[in-house]
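Since the structure is predicted, the reported quantities are computational estimates derived from the model, not experimental observations. Letters A, B, ... are given to chains in the order of the sequence lines, protein chains preceding strands, and every chain is numbered from 1. Excluded from the calculations below are hydrogen atoms, water molecules and symmetry mates; all remaining heavy atoms, backbone and side chain alike, are included.
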Amino acid sequence: MSRSVFKVLDIVKKIKSVLVNNFEGINEKDILISSPPDIKLGDIAIPLFSLSKKLNFPLPDLAEKCIPCVKIEPFVEKVERVGGYLNLYLNREIVAREIIQQVLLQNVQFGSSFSGKGKKALIEHTSINPNASPHVGRARNAMIGDSLSRLFRFEGYDTEVHYYVNDMGRQIGLLVLISGEIENLDFNGILEAYVRANQRAENDPEFAKYGYDLLAKMEQGDEEVRKKFFKVTEMCLKGQLQVLKRLGVEYDFFDRESDYIESEELNKVLEVLKAKGALFIDEEQRLTVDLSRLGYTQEEGRYFVLRRANGSSMYGYRDLAYTIYKGHRGADEDIIILGEDHKLYLQQISLILSSAGYKPPVPVFYSYILLKEGKMSTRQGNVVLLSDFLDTASVLALKRVQEQCKELSKEEQNLIAEQVAVSAIRFAVLRVTPTKNVIFDIESALSFEGDTGPYLQYSCARIKSILRKYGKEVHDDIPEPFPVQQNEEWMLVRKISEFPFTVLNSIEQCNPSIIAGFALDLAHIFTSFYHTCPVLHVDEEEIKIARLQLCKATLQTMQNALYLLGISVPERM
RNA sequence: GCGCCUGUAGCUCAGUUGGAUAGAGCACUUGCCUCCGGAGCAAGGGGCCGUGGGUUCAAAUCCCGCCGGGCGCGCCA
């Protein structure tokens, strides 16, 4: 069921205002605009059921009255009533011209409504514990966050991306402890070291205690200990960032948790909580917030501990301080990407912040990536490391590139293979709505066939090939009228016209999968067009040019969509 | 136990916020490279949209109950 709506032109807006002006007692919200289930039934559909009811006007009469109103010149060619629907047929040649023109004029900006102009967005994402190489499950956070960052930038927001470096805590303490025992510990050895440290802590209370002691010294600002923590976490962070960079994920700011051990402003917030009777020292000497005093109604999750009995801070304390800091950066949109396991936690800190007059960040939650065999577990060894996946995908892609692009240099071939590998993983993860679990199937993610990132790149490569073979620059002046002969051409135009709407929809819902779905639709329609409509092999020069322009507009739209997903488009593959 | 999320073809997922005949890909069957790139296209089979009620002109979509899956629930981060 396609519900394409022509957003590029203001036809929808015009229809609404015309109807509102012609009928008393209705407003724009009463008028629904959708589109017919089949291209044969027209391009825009207006269901009249509720209008007829609201106006107390028999449906056939209402339809009769509406038909001349919505026949908006010169775009609407024909209006028909089918059952309770008013179906509008657009003038393909005029509408297509307008749309293709817009795409070619706006090129890399086509799709943006600039809704974020003059506004600022702050996005925090990824925050993988610096203790291991990231697996694809963890990377879902980074991919969603990165894609949203691209969306916000695309819409004109002044966007800053933050990475919160969790360089504290008992786990890191243990890691620092054991790193002192291993010579030349590097990023590759870190996971093993981490696992070993945890095992030892379980069996050796002495060792565990050292971990805590080290953490306490770190908190108290012991310079030497701080240096040790920094050294280990920095090495780990660098390694992780290298892998993430392969995916095209980058950050503007790295904020270290250890810089938020003490916060005067947060202490003032705590005074507010105290005044509300929400802050107390519990029976085990922990500094605790009783959220029920702030409006929290559940018993589960009612208490939120800020400091241990020995006075050391908990993650929640530091994160509250950090969140306050972020709030002062003046962002209109303050967004944080979190795994679904943080839902209650975020609710808790949001309650604390808002009860002291702060605006909490807007969370985007995502569910875990599962393997067919079940959950990913580092301990059980059934994880798919991001770097491993990229390596195998890249090798597989290289084989095909070597066959198909023999004339290219080795470096170019490698580059393309890497681009294909990245698109395979990014698309496989991003195409699924964040709130749903992703069942990750390595086999199909590596197949590059069907609804995959490489398929999208492939369809672009085909367009580029056509444009290359044409040999000349395809100019941007669109003929009037623009010839549209086949349904496939028209369907392409319709799909392209949806893109700005899709972008807005995606950013409103903070859901990149909407873009992914759009890219797939567009690619399918294009390949269908490709097989039915010859571009270079047509005699009439006007048709050839028009189709070349349609190809160019399709490519531009596809590249813009893929850019938002962090997928780059090779010239050939 | 309580709370949040989720259930659509054998499998992996869409379904533009309540609209017309529920759509793709994988897998299976059948065609299509002397023709702009077969990482492709065209066609076919395959559905009680978890289940039982309700709301209305209209429900995969909204509300309630039940069942299955994911996540969480006081010194982890």
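Closest contact between the side chain of A:Arg318 and the listed nucleotides B:C35, B:C41, B:A77 involves B:A77. Each of B:G74, B:C76, B:G19 was ranked by its minimum atom distance to the side chain of A:Thr288; first place goes to B:G74. Candidate nucleotides B:G70, B:G72, B:G40 were compared by shortest atom distance to the side chain of A:Asp341, and B:G72 ranks first. Checked against B:G74, B:G72, B:C36, the side chain of A:Pro534 finds its nearest nucleotide in B:C36. Distances were taken from every side-chain heavy atom of A:Thr527 (C-beta onward) to each of B:G40, B:U16, B:C13; the shortest belongs to B:G40. In this structure, of B:G25, B:G70, B:G19, it is B:G70 that holds the atom nearest to the side chain of A:Lys375. Which of B:A20, B:C5, B:A42 sits closest to the side chain of A:Ser528 comes down to B:A42. The side chain of A:Met314 has B:A77 as its nearest neighbour among B:A77, B:G40, B:G15. Across B:A39, B:C4, B:A24, the shortest atom-to-atom separation from the side chain of A:Val401 is found for B:A39. For A:Arg308, the listed nucleotide lying nearest its side chain is B:C75; candidates were B:A24, B:U6, B:C75.
Looking at heavy-atom distances under 4.0 Å, A:His524 makes contact with sugar-phosphate atoms alone, never a base. Using a 4.0 Å heavy-atom criterion, one finds that A:Cys460 contacts no nucleic acid atom at all.
Residue A:Tyr345 and nucleotide B:G72 are not classified as a stacked aromatic pair, given the requirement of ring centres less than 5.5 Å apart at an interplanar angle below 30°. Judged by centroid separation below 5.5 Å and plane tilt below 30°, A:Phe49 stacks onto the base of B:G19.
A:Arg431 has its CZ atom 18 Å from the P atom of B:G23, to the nearest Å.
Rounded to a whole angstrom, the distance from the P atom of B:U29 to that of B:G70 is 34 Å. Of the P atoms belonging to B:U61 and B:C48, the separation is 16 Å, rounded to the nearest Å. Taking the P atom of each, B:C26 and B:C63 are spaced 35 Å apart, rounded to whole Å. A gap of 15 Å separates the C1' atoms of B:U21 and B:A60, to the nearest Å. Comparing the same atom, C1', in B:C32 and in B:A9 gives a spacing of 26 Å after rounding to whole Å. A distance of about 13 Å separates the C1' atoms of B:C13 and B:G7, rounded to the whole Å. B:A42 and B:G25 have their P atoms separated by 8 Å, with the value rounded to a whole Å. Annotation: B:A14 and B:G52 have their P atoms spaced 25 Å apart (nearest Å).
No more than 12 heavy atoms of other residues, nucleotides or ligands lie within 6.0 Å of CZ in A:Arg293, so this atom counts as exposed by the packing criterion. Within 6.0 Å of atom CZ in A:Arg138, 12 or fewer heavy atoms from other residues, nucleotides or ligands are found, so the atom counts as exposed in its surroundings. Within a 6.0 Å radius of CD in A:Glu443, no more than 12 heavy atoms belonging to other residues, nucleotides or ligands are found.
Geometric assessment of A:Arg400 against the ring of A:Phe448 yields a negative cation-pi assignment under the 6.0 Å and 45° thresholds.
Ranked by how close their nearest RNA chain B nucleotide is to the 5' end, A:Tyr303 and A:Asn505 are led by A:Asn505. Between A:Ser444 and A:Arg468, the one whose closest nucleotide on RNA chain B sits nearer the 5' end is A:Ser444.
In plain terms, the two heavy atoms of A:Cys533 and A:Glu488 that are nearest each other are SG-CB, 4.3 Å.
A donor N or O paired with an acceptor N or O is found under 3.5 Å between the base of B:A20 and the side-chain atoms of A:Asn87. For A:Gln509 against B:U17, a side-chain N or O and a base N or O form a donor-acceptor pair under 3.5 Å.
Taking the ring centroids of A:Phe440 and A:Phe389, they lie under the 6.0 Å cut-off. Taking the six-membered ring for Trp and the full ring otherwise, A:Tyr260 and A:Tyr317 have centroids separated by 6.0 Å or more. Here the two rings, on A:Tyr455 and A:Tyr458, have centers that are 6.0 Å apart or farther.
For A:Tyr85 and B:A58, the shortest distance from a side-chain N or O to OP1 or OP2 is not below 4.0 Å.
One N or O on the side chain of A:Ser127 and one on the backbone of A:Tyr164 form a donor-acceptor pair closer than 3.5 Å.
Stem regions for RNA chain B, each three or more consecutive Watson-Crick or G-U pairs with both distances under 3.5 Å and listed by first number, read B:1-7 with B:67-73, B:10-13 with B:23-26, B:28-32 with B:40-44, B:50-54 with B:62-66.
The salt bridge (charged side-chain N to carboxylate O under 4.0 Å, His left out) test with A:Asp521 is passed by exactly one of A:Arg431, A:Arg494, A:Lys495: A:Lys495.
With a glycosidic angle further than 90° from 0, B:U51 counts as anti. With its glycosidic angle more than 90° from 0, B:C26 is assigned anti. More than 90° away from 0 lies the glycosidic angle of B:G54, which makes this nucleotide anti.
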